[in-house]
Amino acid sequence: MSRIKGQGPLPQIHQPGHEAEVDFSDVTIRLAGELVTCYLFSFRLSYSGKVVHRVFASAGQEASFEGHVRALRTLGGVPRSKVRYDNLKAAVARVLGVSRARAEAGRWIAFESHYGIESFHCRPGIECAHEKGGVEGVIGYFRRNYFVLVPEVSSLAELNETVEPWDRQDDTHRIGARSKTVAECFALGQPLLMPLPEEPFETGRPFTPRVDRYGRVPVRTNHYSLADPADRQASTGRPARFSPGGPRPE
């Protein structure tokens, strides 16, 4: 349901294979004996209600890209129309006023172009939470049913192996008064998705490290020294590459 200010609620109608919603939410797990906060990525097709979940250690850009890539691969295609987001940090560099206008991050623009995704940025604030209420409702359901008893795992890979069967189990549910299950509705919409590109998107963060005047290679907040003093002197300002033995000048 959607709501317009000063009017009553309006039903949202979605076409098969056309729209989706994405969100992150924090979850608590016991990882290798330690209680930690992780982040649940959810990608939901609006028509069928089919959802793909994935748990990550952070909600950063690399996690968002990997979540999208895995979701699209699982679904077997890309929505033909809008994918709804709030101010997803992976995508939005700056919110422009209170409208839907956003200055998008460069890597996000490349990601959109690679898959042909049309981003729809919801307006900020609780009044516009209904604009992607489907995925927010699913996240609440998923957390209440699978994370109230805190999962105990040795790794996130182990947890995600469990999350996949949970998603398939939820495919047997019916949404509202529908006669068809989520799985049956997905079967109608899946052939209408756009095909995936031949090459997957590189989800890692690209960078070209360079040797500084101290003979070190800065990588984010860390600095790595070149082992050979001759390399340090001759390589200042040049690109460096990484090998098992450490960074080396190109």
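Treat the numbers as computed from the prediction; the structure is a model and nothing was measured.
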Check: Given the rule that I, L, V, M, F, W and Y join up when any side-chain heavy atoms are under 4.5 Å apart, are Trp166 and Leu31 in one cluster?
Finding: yes
Checklist line | Minimum heavy-atom distance between Val69 and Phe111, given as atom pair plus value | finding: CG2-CE1, 4.4 Å
Check: Taking it one step at a time, do His173 and Asp170 satisfy side-chain contact (heavy atoms from CB on, under 4.5 Å)?
Finding: CA-CA 6 Å; His173 297 169; Asp170 291 340; 3.3 Å; yes
Next item on the list: Quick one: name the residues clustered hydrophobically with Val51, using the 4.5 Å side-chain heavy-atom rule over I, L, V, M, F, W, Y, and just say none if it's on its own.
Entry: Val138
Item checked: Heavy-atom closest pair, residues Leu196 and Arg73 -> CD1-CA, 4.0 Å
Check: Would Tyr39 and Phe56 count as a close aromatic pair, with their ring centres under 6.0 Å?
Finding: no
Margin query: Working to the nearest 0.5 angstrom, can you tell me the gap between Cys185 SG and Ile175 CD1?
Written below: 7.0 Å
Checklist line | Residues in side-chain hydrogen bond (donor to acceptor under 3.5 Å, both in side chains) contact with Arg80, at least two apart in sequence or another chain | finding: none
Notebook entry, point to check: Does the pair Glu19 and Lys82 meet the rule for a salt bridge (Lys or Arg N to Asp or Glu O under 4.0 Å), with working shown?
Noted result: CA-CA 5 Å; Glu19 295 187 28; Lys82 301 177 179 65; 5.5 Å; no
Next item on the list: Check whether any side-chain N or O of Gln190 sits under 3.5 Å from a backbone N or O of Leu75 as a donor-acceptor pair, and report yes or no.
Entry: yes
Checklist line | Shared hydrophobic cluster, Val78 / Phe186 (ILVMFWY, side-chain heavy atoms < 4.5 Å) | finding: yes
Item checked: Joint hydrophobic cluster, Val135 plus Val52, side-chain heavy atoms closer than 4.5 Å -> no
Next item on the list: Answer yes when Arg70 and Glu66 have at least one side-chain N-carboxylate O distance shorter than 4.0 Å, and no when they do not.
Entry: yes
Check: Under 3.5 Å, side chain of Arg174 to main-chain N/O of Ser179, donor-acceptor pair present?
Finding: yes
Next item on the list: Output the distance between atom CZ (Arg44) and atom CG (Asp23), rounded to the nearest 0.5 Å.
Entry: 12.0 Å
Item checked: Aromatic plane relationship, Phe201 with Tyr115 - under 30° parallel, 30 to 60° tilted, over 60° perpendicular -> tilted
Next item on the list: Provide the closest heavy-atom pair for Leu193 versus Gly17 in the form atom of the first, atom of the second, distance.
Entry: CD2-O, 3.6 Å
Check: Parallel, tilted or perpendicular: which describes the rings of His53 and Phe142, with under 30° parallel and over 60° perpendicular?
Finding: parallel
Next item on the list: May I ask whether Val36 and Tyr146 are part of the same hydrophobic cluster, defined by side-chain heavy atoms of I, L, V, M, F, W, Y residues being less than 4.5 angstrom apart, directly or through others?
Entry: yes
Notebook entry, point to check: Counting N and O atoms only, with roles assigned by atom type, does the side chain of Gln169 sit under 3.5 Å from a partner on the main chain of Pro165, one being a donor and the other an acceptor?
Noted result: no
Note to self: Tell me whether Val55 shares a hydrophobic cluster with Phe43, the cluster being built from Ile, Leu, Val, Met, Phe, Trp, Tyr side chains joined at under 4.5 Å.
What the structure shows: no
Next item on the list: Check the side chains of Arg143 and Ser25 for a donor-acceptor pair under 3.5 angstrom, ignoring hydrogens and angles.
Entry: yes
Next item on the list: List the steps and the verdict of side-chain contact (heavy atoms from CB on, under 4.5 Å) for Ser64 and Phe24.
Entry: CA-CA 9 Å; Ser64 181; Phe24 270 104; 4.0 Å; yes
Next item on the list: Classify the ring geometry between Phe65 and Trp108 as parallel (under 30°), tilted (30 to 60°) or perpendicular (over 60°).
Entry: parallel
Next item on the list: In plain terms, say whether Arg54 and Glu164 are close enough for a salt bridge, that is, a side-chain N and a carboxylate O under 4.0 Å apart.
Entry: yes
Check: To the nearest 0.5 Å, how far apart are CD1 in Ile29 and CG in Leu35?
Finding: 9.0 Å
Note to self: For a side-chain contact (heavy atoms from CB on, under 4.5 Å) check, start with the C-alpha distance between Thr28 and Phe147, then their side-chain angles and the critical distance, and finish with the verdict.
What the structure shows: CA-CA 7 Å; Thr28 300; Phe147 286 89; over 6 Å; no
Notebook entry, point to check: Roughly how far, to the nearest 0.5 Å, is SG of Cys38 from CG of Leu159?
Noted result: 7.5 Å
Next item on the list: Spell out, as yes or no, whether a donor-acceptor pair under 3.5 Å connects the side chain of Asp171 to the backbone of Thr181.
Entry: no
Note to self: Counting only heavy atoms from other residues, nucleotides and ligands, does the tally under 6.0 Å from CG of Leu149 exceed 12?
What the structure shows: no
Margin query: Keeping His114 on the side-chain end and Glu112 on the backbone end, is there a donor-acceptor pair under 3.5 Å?
Written below: no
